[in-house]
Chemist: 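There's a structure below that I have some questions on.
These figures come from a predicted structure and were not determined experimentally. When reading the values below, keep in mind they use all heavy atoms of this one structure, side chains included, and skip hydrogens, waters and symmetry mates.
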Amino acid sequence: MKPPMWNQLLVDVEREFPSNFAKGAKLTPAQVEQLQCVENANDEFQISTLSGVAAIGELIAHAANHGELSDELAMSAGWLINSLAYLSMTMAEAGASAAYKLQNIPHQGAAK
């Protein structure tokens with residue numbers, strides 16, 4: 001399998017891949033590989049994204065503890081956390097959708 005890359009998550013899984021409700025739908029070997037890459041990239045990058053959120057939280061706590069939490073820092077950090085949370089949710093949605101399709105849509109060449 002290819003190493004995880006951010007661009008593997010830039011796909012609308014629901015739109016780009018067959019619906020599990022489509023009669024006779026099957027995933028091609030290339031589609032299976034791409035969905036596995038989406039699932040793997042989500043798993044790998046969730047860890048680094050959430051570690052970044054934790055680090056920002058620690059930064060805010062230390063700044064507040066030392067009386068250095070300015071309004072500008074609080075606002076900037078808040079918006080960054082907001083953006084990272086939305087990124088994390090979008091990644092999780094893509095990963096879950098990829099996993100669901102891999103489990104529920106037959107693969108070409110596979111007996112299912």
Chemist: If you measure from CD1 on Ile60 to CD on Glu68, what distance do you get to the nearest 0.5 Å?
Modeler: 14.0 Å
Chemist: Does anything in residues 29-39 pair up under salt bridge (charged side-chain N to carboxylate O under 4.0 Å, His left out), and if so which pairs, sequence neighbours excluded?
Modeler: none
Chemist: Grab the two heavy atoms, one from Pro106 and one from Ala25, that are nearest each other, plus how far apart they are.
Modeler: CD-O, 3.5 Å
Chemist: Measure the spacing between OG of Ser48 and CG of Leu84 and express it to the nearest 0.5 Å.
Modeler: 10.0 Å
Chemist: Same hydrophobic cluster for Leu80 and Val53, using side-chain heavy-atom links shorter than 4.5 Å among ILVMFWY?
Modeler: yes
Chemist: Going by atom type alone, with no hydrogens or angles, which donor-acceptor pairs under 3.5 Å involve a side-chain atom of residues 4-12 and a protein atom two or more places apart or on another chain?
Modeler:
unit_1: Gln8; atom_1: OE1; unit_2: Met5; atom_2: N; d: 2.8
unit_1: Gln8; atom_1: NE2; unit_2: Pro3; atom_2: O; d: 3.4
unit_1: Asp12; atom_1: OD1; unit_2: Glu14; atom_2: N; d: 3.3
unit_1: Asp12; atom_1: OD1; unit_2: Arg15; atom_2: N; d: 3.3

Chemist: Is there any ring-ring contact (aromatic ring centres under 6.0 Å, His included) pair reaching into residues 7-41, and which pairs are they, with sequence neighbours excluded?
Modeler: none
Chemist: How does the hydrophobic cluster around Met75 look, that is, which other residues are in it when side-chain heavy atoms under 4.5 Å mark a link?
Modeler: Trp79
Chemist: With sequence neighbours excluded, tell me which residues meet salt bridge (Lys or Arg N to Asp or Glu O under 4.0 Å) with Glu16.
Modeler: none
Chemist: Heavy-atom distance under 4.5 Å between the side chains of Pro29 and Gln108, does that happen here?
Modeler: yes
Chemist: Could you state the interatomic distance from OG1 (Thr49) to CE (Met91), rounded to the nearest 0.5 Å?
Modeler: 4.0 Å
Chemist: Sequence neighbours left out, cut at 3.5 Å: what donor-acceptor pairs do the side chains of residues 40-47 make with other protein atoms?
Modeler:
unit_1: Asn42; atom_1: OD1; unit_2: Gln46; atom_2: NE2; d: 3.1
unit_1: Asn42; atom_1: OD1; unit_2: Ala92; atom_2: N; d: 3.3
unit_1: Gln46; atom_1: OE1; unit_2: Ser88; atom_2: OG; d: 2.6
unit_1: Gln46; atom_1: NE2; unit_2: Ser88; atom_2: O; d: 2.8

Chemist: Does His107 reach the main-chain N or O of Leu102 with its side chain, forming a donor-acceptor pair under 3.5 Å?
Modeler: yes
Chemist: Once you round to the nearest 0.5 Å, how far does CD of Gln103 lie from CG of Leu35?
Modeler: 11.5 Å
Chemist: Of all the heavy-atom pairs spanning Ile56 and Ala77, show the shortest one and how long it is.
Modeler: CG2-CB, 4.2 Å
Chemist: How close do Ile105 and Pro18 get, heavy atom to heavy atom, and via which atoms?
Modeler: CD1-O, 3.1 Å
